[in-house]
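Here the structure is laid out as structure tokens; the discussion comes afterwards.
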There are 2 protein chains.
Amino acid sequence: MTASTKKMPSKASPTRREPLSHERIELAALVLIDMEGLEGFSVRKLGEMLGCEAMSIYHHFHSKAHIIDALVDRLVSRVSIPSHDLDSVKRIRGLANGWRNMARQNPRFFPVLSLHRLNSEVGVTFLNEIMLTFRAAGLERERAARLFRVMNYYLMGAALDEISGYAKGPSSLNPISDGDLALKFPDIADAGEFFAPEQFDQTFELGLDLLMEGAGLLGPAQ
Amino acid sequence: MTASTKKMPSKASPTRREPLSHERIELAALVLIDMEGLEGFSVRKLGEMLGCEAMSIYHHFHSKAHIIDALVDRLVSRVSIPSHDLDSVKRIRGLANGWRNMARQNPRFFPVLSLHRLNSEVGVTFLNEIMLTFRAAGLERERAARLFRVMNYYLMGAALDEISGYAKGPSSLNPISDGDLALKFPDIADAGEFFAPEQFDQTFELGLDLLMEGAGLLGPAQ
DNA sequence: ACCTGAACACCGTTCAAGT
DNA sequence: ACCTGAACACCGTTCAAGT
């Protein structure tokens, strides 16, 4: 309503803004989500950030859901793929850690990404890297397929839980007090020291090793 | 605006509606979410469903987030807890399957639940059951703590991925076609038969066994 | 071709008022 | 004590119009 809400560059810099593009919109969206979280991510705020009317964005994306789709692809394609020259075990470790690192770098968006089916071209390309590695490790078709799923379950759950452990996730509005926890649930309270973020890497590696060992990938040759 | 949008029971049945209560509101919310999904879950629609003004609900819950908190507690407390007389391995299987079944019965709400930290009294009580079982199985403190987390990662990822496999999860808006999948990603396409919902149980059991075996819980006695 | 601004049909939540 | 209805500050999206 007041003059301060008006944008000024219309006079100060008439034709200065570079034109909108998929890339500019997507990068701004990632910054906005990183700053304000998913609830704060609106097309209108995105427009403000880009220095245009919110509705201009619809000229480049059909809907907000299409923007989110593009962000999923963009982040999945950022996961670093280990060289095919490495042995299978090293490749699996590399893929797993690439996934976790991407999650950690995008804690506010990752939950959306992880609930998305990765059935775009980019998504399937990533999944295919995991599958290829399992096959290259010598697993036969059915076993590779099932272990692929098992590994994905583990990766997805670990990344989500670690993020919520970094306190970005929604907490109960009436959490149990530390005092009550120690009194009523001593075994949980007692384990607290192993639940701290500094322990995440070690715990994650333990689970990954158990799965790979169970899959027969960590043979005596190791 | 028109007469048809007005609610009629004000004349037809003056004092018929039973008063609002936490229970009535929560049960209606679960039905609404089950029917319309999370996006369709609004306080206003919930009011309509309960036959009251939306704003009456705020007399019983401080905010929409508090309703969701209550739903999390309600569903977690519905997970059936296996008898303490069973051996540890049977109890772990029972807890894991109780969790999965709850997820499957509430596919639209479960993603929210799973991203919530379970740090309410009800949530911790459930987590404590898992921890107690690991301790009772003879695992020492640190190992029990780490395997507890590993198991939770797996349970969470599996439940979420199975739900999205039942086609309730958001898909890419530009999914790869089956033809392209078969051509470009034959290994993924080839594994398709093992990704069908009928295969979920078997795949889940495989991963659970690998983890329990790795934890040393499936000894020669088994 | 690209962008704008008003408008529509929704949200969650606050508040003063009703019984 | 419990519920209401108007109001506020937001949403995503459509549409006709501007350059």
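Here is the naming used below: chain letters follow the sequence lines, and residue numbers restart at 1 for every chain.
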Would you please say whether a donor-acceptor pair under 3.5 Å links the side chains of B:H66 and A:N174?
no
Rounded to the nearest angstrom, tell me the gap between atom CD in A:E53 and atom P in C:dA7.
14 Å
Nearest to the side chain of B:V43, which nucleotide is it out of C:dG12, D:dT13, D:dG5?
C:dG12
Interatomic distance, A:L46 CG vs D:dC11 P [rounded to whole Å]
12 Å
Mind calculating the distance between CG (A:L20) and C1' (C:dT4) to the nearest angstrom?
12 Å
Base-pair string, DNA chain C, Watson-Crick plus G-U, cut-off 3.5 Å on both distances, | for inter-strand, is ||.|||||...|||||.||
When you measure from the side chain of A:S63, which nucleotide among C:dG5, D:dT13, C:dC3 comes out closest?
D:dT13
Is there a side-chain polar atom (N or O) of A:S56 under 4.0 Å from OP1 or OP2 of C:dC2?
no
Less than 4.5 Å apart, side chain to side chain, heavy atoms only: is that true for B:L95 and B:P82?
yes
Would you give me the side-chain donor-acceptor pairs under 3.5 Å for residues 145-160 of chain B, sequence neighbours excluded?
from   : atom 1 : to     : atom 2 : distance (Å)
B:R146 : NE     : B:E142 : OE2    : 3.0
B:R146 : NH1    : A:Q199 : OE1    : 3.2
B:R146 : NH1    : A:T203 : OG1    : 2.8
B:R146 : NH2    : A:Q199 : OE1    : 2.6
B:R146 : NH2    : A:Q202 : OE1    : 3.4
B:R146 : NH2    : B:E142 : OE2    : 3.0
B:R149 : NH1    : A:F195 : O      : 3.4
B:R149 : NH2    : A:D161 : OD2    : 2.5
B:Y154 : OH     : B:F204 : O      : 2.9

How is A:F61 classified with respect to the nucleic acid when contacts are heavy atoms under 4.0 Å: base, sugar-phosphate, or nothing?
nothing
Could you give the NZ-to-P distance, from A:K45 to D:dT13, as a whole number of Å?
16 Å
Minimum-distance nucleotide to A:Y58 side chain [options: D:dC2, D:dT14, D:dA7]
D:dT14
Quick check for you: to the nearest 0.5 Å, what is the distance between A:S42 atom OG and A:E48 atom CD?
8.5 Å
Report yes if some heavy atom in the side chain of B:R100 is under 4.5 Å from a heavy atom in the side chain of B:D201; otherwise report no.
yes
To the nearest Å, how far apart are A:L50 CG and C:dC2 P?
16 Å
Can a side chain N or O of B:H60 be found less than 4.0 Å away from OP1 or OP2 on D:dC2?
no
Would you mind checking if A:R108 and A:E36 are paired as a salt bridge, meaning a charged N to carboxylate O distance below 4.0 Å?
no
A:V124 side chain near B:L181 side chain, heavy-atom distance below 4.5 Å:
yes
What is the distance, rounded to the nearest whole Å, between atom CG of B:L38 and atom P of C:dC11?
14 Å
Given atom CD of B:E39 and atom P of C:dC11, what is their separation to the nearest angstrom?
12 Å
Please report, rounded to the nearest Å, how far the P atom of D:dT4 is from the CD atom of B:E48.
13 Å
Can you find a pair of side-chain heavy atoms, one from A:V112 and one from A:L71, that are under 4.5 Å apart?
no
Proximal nucleotide (of D:dC3, D:dT14, D:dG5) relative to the B:M55 side chain:
D:dG5
Strictly below 4.0 Å: does A:S42 bring a side-chain N or O up to OP1 or OP2 of D:dC11?
yes
What nucleotide among C:dC3, D:dC2, C:dA7 has an atom nearest to a side-chain atom of B:H59?
D:dC2
What nucleotide among C:dT4, C:dT13, C:dA7 has an atom nearest to a side-chain atom of A:R44?
C:dA7
